[in-house]
Amino acid sequence: MSARGAGDQRPVIIVRRKKVVHGHHGGSWKIALADFMTALMALFLVMWIISNAGQKERDAVAEYFRTPLLVSLTGGERQGTSANVIPGGGPDPAHAEGERQRIDPLSQTRPTEIQRRALQNLQQRIINAVEASPQLRELRIQMRFDVTREGLRVQLVDTDARPMFDLASERVAPYMRDLLHLLAPLLNELPNDLSIGGHTDGLQYVDGVRGVGNWELSVGRANATRRELVAGGLDADKLLRVSGFADRVPLPSTTAVDPANRRIEVVVLFDEVAERIRHPVDAVDGFGRLLESPADGAGAGGDAGVSGKAPGVPAD
């Protein structure tokens with residue numbers, strides 16, 4: 001029995017499982033996750049900054065993204081940056097005289113945010129100085145401020161109860177003189193040049209047939225304003241232009257005889273605008289040559305344009 005049992009004994013099978021070790025993948029998923037979280041945090045930060053920014057800052061950001069990189073680097077949109085395969089430039093496609101800019105040259109150079117902020121600070125200092133004066137505080141309602149393409153415009157407007165000048169005269173009212181003397185040192189705080197313009201209402205002179213009318217009155221009042229500003233301490237070299245507009249530029253939403261149209265405007269000019277006034281042809285990169293005509297014989301430096309100083313302004 002023992003021999004038979006020994007023959008029927010089954011072999012012992014030992015199973016040895018081989019342990020498979022996976023290769024290390026380096027943790028690259030962690031780097032990808034960190035990049036994603038950083039980008040997400042940057043997005044939330046930008047959204048938070050924009051939500052707390054003012055309208056002017058948002059407009060500046062929008063303008064930045066509206067300007068293509070190539071246009072920004074080349075100083076403006078030109079025909080050389082166009083995708084059109086037809087060559088451009090010159091008076092016609094057959095005679096190329098160099099690239100002609102396709103956008104308004106006056107809009108190429110825009111005032112910086114620093115320049116705008118400096119003018120806004122000046123406006124606030126003027127308002128504070130007027131409101132701090134017991135004698136001039138009532139004139140605050142006759143002062144209007146806005147920033148135009150030329151610069152900060154300060155308008156001093158008439159009312160029936162308190163005109164800035166004597167009737168049909170260049171004689172400055174006493175409170176107007178005090179106001180101009182207050183403005184003079186404040187205007188000296190910035191290096192910007194100044195422009196002074198005179199306006200009248202639509203009422204005509206009774207004796208206008210003798211050669212005296214609203215043109216002479218507007219120029220005379222602008223020049224009288226210049227004299228009072230200089231007497232108040234304004235640096236005379238800052239004055240770049242004195243002009244009269246008669247009744248040709250009324251205020252919006254007013255009638256021709258509205259007393260508010262009798263006004264003086266003092267403009268603190270942007271540097272680029274002052275440069276264009278001094279050099280009207282050079283500043284627009286030869287744009288003035290397009291206005292020349294061989295028939296009229298007017299050159300780029302001729303008298304065909306409007307002078308920087310208004311004609312008829314009497315000397316000091």
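Values below: all heavy atoms of this structure, side chains included; hydrogens, waters and symmetry mates excluded. Please read all numbers here as calculations on a predicted model, not as lab measurements.
Remark: Leu136 CG to Glu131 CD distance equals 11.5 Å, nearest 0.5 Å. If you take CD1 on Ile264 and CG on Leu156, they are separated by 7.5 Å, rounding to the nearest 0.5 Å. Distance check: Leu269 CG to Leu119 CG gives 9.5 Å after rounding to the nearest 0.5 Å. Here CD of Glu150 is found 12.5 Å from CD of Glu272. Values are rounded to the nearest 0.5 Å. The CG atom of Leu217 lies 8.5 Å from the CZ atom of Phe165; values are rounded to the nearest 0.5 Å. Note that the CD atom of Glu189 and the CD1 atom of Ile126 stand 8.5 Å from one another [nearest 0.5 Å].
Heavy atoms only, all atoms of each residue included: Ser243 and Ala222 are closest at O-CB, 3.5 Å. Minimum interatomic distance between Leu152 and Val147 (heavy atoms only, all atoms of both residues): CD1-CG2, 4.2 Å. Here the closest heavy-atom approach between residue Asn214 and residue Leu203 is recorded as ND2-O, 3.0 Å. For the pair Asp247 and Gly202, the tightest heavy-atom approach, listed with the atom from each and the gap, is OD2-CA, 3.6 Å. In terms of heavy-atom proximity, Asp160 sits nearest to Pro163 at O-CD, 4.1 Å.
More than 12 heavy-atom neighbours from other residues, nucleotides or ligands sit within 6.0 angstrom of CZ on Arg140. Heavy atoms from other residues, nucleotides or ligands lying under 6.0 Å from CG of Leu43 number more than 12. Within a 6.0 Å sphere centred on CD of Glu138, heavy atoms belonging to other residues, nucleotides or ligands number 12 at most. Within a 6.0 Å radius of CG in Leu45, other residues, nucleotides and ligands contribute more than 12 heavy atoms. Atom CZ of Arg144 sits in a sparse spot, with 12 or fewer heavy atoms from other residues, nucleotides or ligands closer than 6.0 Å. No more than 12 heavy-atom neighbours from other residues, nucleotides or ligands sit within 6.0 angstrom of CZ on Arg248.
Side chain of Lys238 to main chain of Asn188: no donor-acceptor pair is present (N/O by atom type, distance under 3.5 Å, no hydrogens or angles). No donor-acceptor pair closer than 3.5 Å links the side chain of Gln124 to the backbone N or O of Asn121. For Gln115 (side chain) and Thr112 (main-chain N/O), a donor-acceptor pair under 3.5 Å exists by modelled atom type. Checked by atom type and distance alone, the side chain of Arg153 never pairs as donor or acceptor with a backbone atom of Val268 at under 3.5 Å. Ser218 contributes a side-chain N or O that, together with a main-chain N or O of Ala246, makes up a donor-acceptor pair within less than 3.5 Å.
Under the 4.5 Å side-chain heavy-atom criterion for ILVMFWY residues, a single connected hydrophobic cluster contains both Ile127 and Val130. Hydrophobic cluster membership differs between Leu40 and Ile50, with clusters built from Ile, Leu, Val, Met, Phe, Trp and Tyr side chains linked at under 4.5 angstrom. Hydrophobic cluster membership differs between Ile141 and Leu182, with clusters built from Ile, Leu, Val, Met, Phe, Trp and Tyr side chains linked at under 4.5 angstrom. Linking ILVMFWY residues whenever their side-chain heavy atoms come closer than 4.5 Å, directly or via other members, leaves Val157 and Val154 in distinct clusters. Criterion: ILVMFWY side-chain heavy atoms under 4.5 Å apart, direct or through other members. Under it, Ile114 and Leu190 are not part of a common hydrophobic cluster.
For Asp35, there are no side chain to side chain donor-acceptor pair (under 3.5 Å) partners two or more places apart in sequence or in a different chain. Every residue was checked against the side-chain contact (heavy atoms from CB on, under 4.5 Å) condition with Pro185, not counting sequence neighbours, and none meets it.
In this structure, the side chains of Gln142 and Met164 come closer than 4.5 Å at one or more pairs of heavy atoms. Tyr175 is listed as a side-chain neighbour of Arg162, based on a closest heavy-atom distance under 4.5 Å. Within the 4.5 Å cutoff, no side-chain heavy atoms of Thr200 are placed close to those of Asn261. Counting heavy atoms from C-beta outward, Val266 and Leu183 have side chains that stay 4.5 Å or more apart. Inter-residue side-chain proximity for Gln123 and Met143 is flagged as unmet; no heavy-atom pair is nearer than 4.5 Å. Using a 4.5 Å heavy-atom threshold, the side chains of Val230 and Leu239 count as touching. For the pair Leu194/Arg241, no side-chain contact is recorded, criterion being any heavy-atom separation below 4.5 Å from C-beta on. Here the side chains of Leu187 and Leu234 are in contact, with some heavy-atom distance below 4.5 Å.
With a 4.5 Å cut-off between side-chain heavy atoms of Ile, Leu, Val, Met, Phe, Trp and Tyr, the cluster of Val249 takes in Phe245.
At a cut-off of 3.5 Å, with distance as the only test, a side-chain donor of Arg226 or Asn223 sits close to an acceptor on the other residue.
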message: Show, in sequence, the C-alpha distance, side-chain angles and deciding distance for Gln155 and Leu251, and conclude whether the side chain to side chain contact (heavy atoms under 4.5 Å, CB included) test is met.
response: CA-CA 11 Å; Gln155 297 188 94; Leu251 290 172; 3.7 Å; yes
Trace of the side chain to side chain contact (heavy atoms under 4.5 Å, CB included) decision for Thr225 with Leu180: CA-CA 7 Å; Thr225 301; Leu180 293 175; 3.8 Å; yes
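Salt bridge absent: Arg221 and Glu170 never bring a charged side-chain N and a carboxylate O closer than 4.0 Å.
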